[in-house]
Asks: 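Could you have a look at this structure, given as structure tokens, before my questions?
Chain A is the first sequence line, chain B the second, and so forth, proteins listed ahead of strands; every chain is numbered from 1. Remember, it's a predicted structure, so these values are computed and weren't measured experimentally.
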Protein chains: 2
Amino acid sequence: MTDNDKQTEEKIFDAATDVFLDKGMDGARMQDIANHAGINKALLHYYYRTKDQLFDAVFQMIAKKMLKKFAPVFDENLTLEDKIRFFFREHITFLLENPRLPAFVLNEINRNPERVKKLLKNVDVESLWKKLYEQHKTELDKYNVSEKMLPQLMTSIAAMSVFPFAAKGLIEAILSKTSINFNDYIEERKQFAADFVINAITK
Amino acid sequence: MTDNDKQTEEKIFDAATDVFLDKGMDGARMQDIANHAGINKALLHYYYRTKDQLFDAVFQMIAKKMLKKFAPVFDENLTLEDKIRFFFREHITFLLENPRLPAFVLNEINRNPERVKKLLKNVDVESLWKKLYEQHKTELDKYNVSEKMLPQLMTSIAAMSVFPFAAKGLIEAILSKTSINFNDYIEERKQFAADFVINAITK
DNA sequence: CATACTTTTGACCATTCGGTTAAACTTGAT
DNA sequence: ATCAAGTTTAACCGAATGGTCAAAAGTATG
């Protein structure tokens, strides 16, 4: 594989990422991706046989990128409160740089739930949660979050961070009717979400 | 317009709703909709000239149905706490009966933000929020939610209710790796979300 | 330079898709 | 029964789409 190969494959991958993020699997056109990459359409099929293979490569990369951002929650050595503050600060900053990711990932998973299985194949959810619970047993007890409530808490935290981006179009439209601007709203959210969640679980 | 007319137009609309919810605008096929409705494809174009017109009719109906469910928040005559409990109970029950709505609406808005403008044309967001704030001034003051924090609070409430459905595919995949089942998780959420939000804003 | 191998291209193909047309059918009024 | 209007259908159309192919261009090796 020469250096030029990598350049081409990377150009294709980047162009595909961009177009798929914008249009989704169904709305994306191979010709459009080829144009974005500045190459011939046949060359697309030379590197990635089918649209489905190309999409899958892009989807896996993006979905992994998103899921990876939840990792610190499970291994940072912090108090629960610090962990929550750290998470929202880092995660919302990340989403601000990649605002199209949530809508894309969630939508494509709903459209084809099989895709997510490959992603979670090697993830042991049960033990991750057990680990998290043991880590913060005393704190969670002090609040009133039982182990079987962890899924509710975790999805609530995810929701607080991800939802504003998944619903970006709607929220932007609503905010545009007020004096608030989306980026300010998001900047504010890092703090608000953390306070909100911490207060929610504090007895 | 005869009785049969209405039947046909309704059959088409229902079939279109079903297919669009499943596949989205880009993934849906006119032939597929015709088959679902048990009619000829040309008849589709007889009642709705183009795919775009048909989609728009369906989208407007669904989006209105969703937005309408937020209305009680602004006019029910209840304390803030009761209002929050009432909202989550009613809203999650509604989404449980229409689980594909959130992903569909949010995605199509992101895909084409123009569509939402027609929806919000006659909605005076600013005065709705002012009204809500005046209604619960004393309570919101007692907690520490200032008027300019209302957007954060409102989107958080929406997120708590809507996100589990917008991310249904992902959450189902994760829960399937534990002993929890999605419907139980959702049932539990009516209570959890209300407690969570009320506690979050309680000083 | 010659050979073998990989990369890139333009032309092409089969199928699918949204949409049209003209004719057949139904219905309701006279 | 006849006629006019609306309704439904089968057949068809042009454009777009994912994908292929054979040849050309480029590159490394002897």
Asks: Can you tell me which nucleotide in C:dG19, D:dG19, D:dT20 comes closest to the side chain of B:Lys51?
Replies: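 Of C:dG19, D:dG19, D:dT20, C:dG19 is nearest to the side chain of B:Lys51.
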
Asks: On the 0 to 90° scale, with breaks at 30° and 60°, tag the B:Phe94-B:His91 ring pair as parallel, tilted or perpendicular.
Replies: tilted

Asks: Side chains of A:Glu108 and A:Asn112: is there a donor and an acceptor less than 3.5 Å apart?
Replies: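 No, because no side-chain N or O of A:Glu108 sits under 3.5 Å from a partner of the opposite role on A:Asn112.
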
Asks: Expressed as a whole number of angstroms, how long is the span from A:Tyr48:OH to D:dG18:P?
Replies: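 After rounding, the reported distance stands at 17 Å.
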
Asks: With a 4.0 Å limit, can you tell me whether A:Asn40 has a side-chain N or O closer than that to the phosphate oxygens OP1/OP2 of C:dT8?
Replies: no

Asks: What is the distance, to the nearest angstrom, from the CD1 atom on B:Ile33 to the C1' atom on C:dC17?
Replies: 12 Å

Asks: Determine the interplanar angle of the A:Tyr185 and A:Phe182 rings, folded into 0 to 90°, and report it as parallel if under 30°, tilted if 30 to 60°, perpendicular if over 60°.
Replies: tilted

Asks: In terms of the nearest nucleotide of DNA chain D, which residue is placed more toward the 5' end: B:Lys41 or A:Arg49?
Replies: B:Lys41

Asks: With a 4.0 Å limit, can you tell me whether B:Arg29 has a side-chain N or O closer than that to the phosphate oxygens OP1/OP2 of C:dT16?
Replies: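 False: B:Arg29 side-chain N/O out of range (4.0 Å or more) of C:dT16 OP1/OP2.
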
Asks: Does a side-chain N or O from A:Tyr47 land closer than 4.0 Å to OP1 or OP2 of C:dT8, or not?
Replies: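 True: A:Tyr47 side-chain N/O within range (under 4.0 Å) of C:dT8 OP1/OP2.
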
Asks: Within this structure, what is the CG-to-C1' distance between A:Leu54 and D:dG18, rounded to whole angstrom?
Replies: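 In whole Å, D:dG18 C1' lies 12 Å from A:Leu54 CG.
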
Asks: Would you classify A:Ala34 as touching base, sugar-phosphate or nothing, given that sugar-phosphate means primed atoms plus P, OP1 and OP2, and contacts are heavy atoms under 4.0 Å?
Replies: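 If one applies the 4.0 Å heavy-atom cut-off, A:Ala34 turns out to touch nothing in the nucleic acid.
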
Asks: Over how many whole Å does the gap from A:His45 atom NE2 to C:dT6 atom P extend?
Replies: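 These atoms are roughly 21 Å apart.
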
Asks: What orientation do B:Phe59 and B:Phe55 show, parallel under 30°, tilted 30 to 60°, or perpendicular over 60°?
Replies: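 B:Phe59 and B:Phe55: parallel rings.
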
Asks: Nearest-Å distance, CG (B:Leu43) to P (D:dA11)?
Replies: 17 Å

Asks: Expressed as a whole number of angstroms, how long is the span from B:Glu9:CD to D:dG6:P?
Replies: 15 Å

Asks: Out of B:Leu95, B:Thr93, B:Leu101, which residue meets the side-chain contact (heavy atoms from CB on, under 4.5 Å) rule with B:Glu97?
Replies: B:Thr93

Asks: Expressed in angstrom and rounded to an integer, what is the separation of A:Ile12 atom CD1 from D:dG18 atom P?
Replies: 15 Å

Asks: Check the distance between C:dT16's P and A:Met30's CE and give it to me in whole angstrom.
Replies: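 For the pair A:Met30 CE and C:dT16 P, the rounded distance is 17 Å.
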
Asks: Hey, does the side chain of A:Thr8 come within less than 4.0 Å of C:dT8's phosphate (OP1/OP2), counting only N and O?
Replies: yes

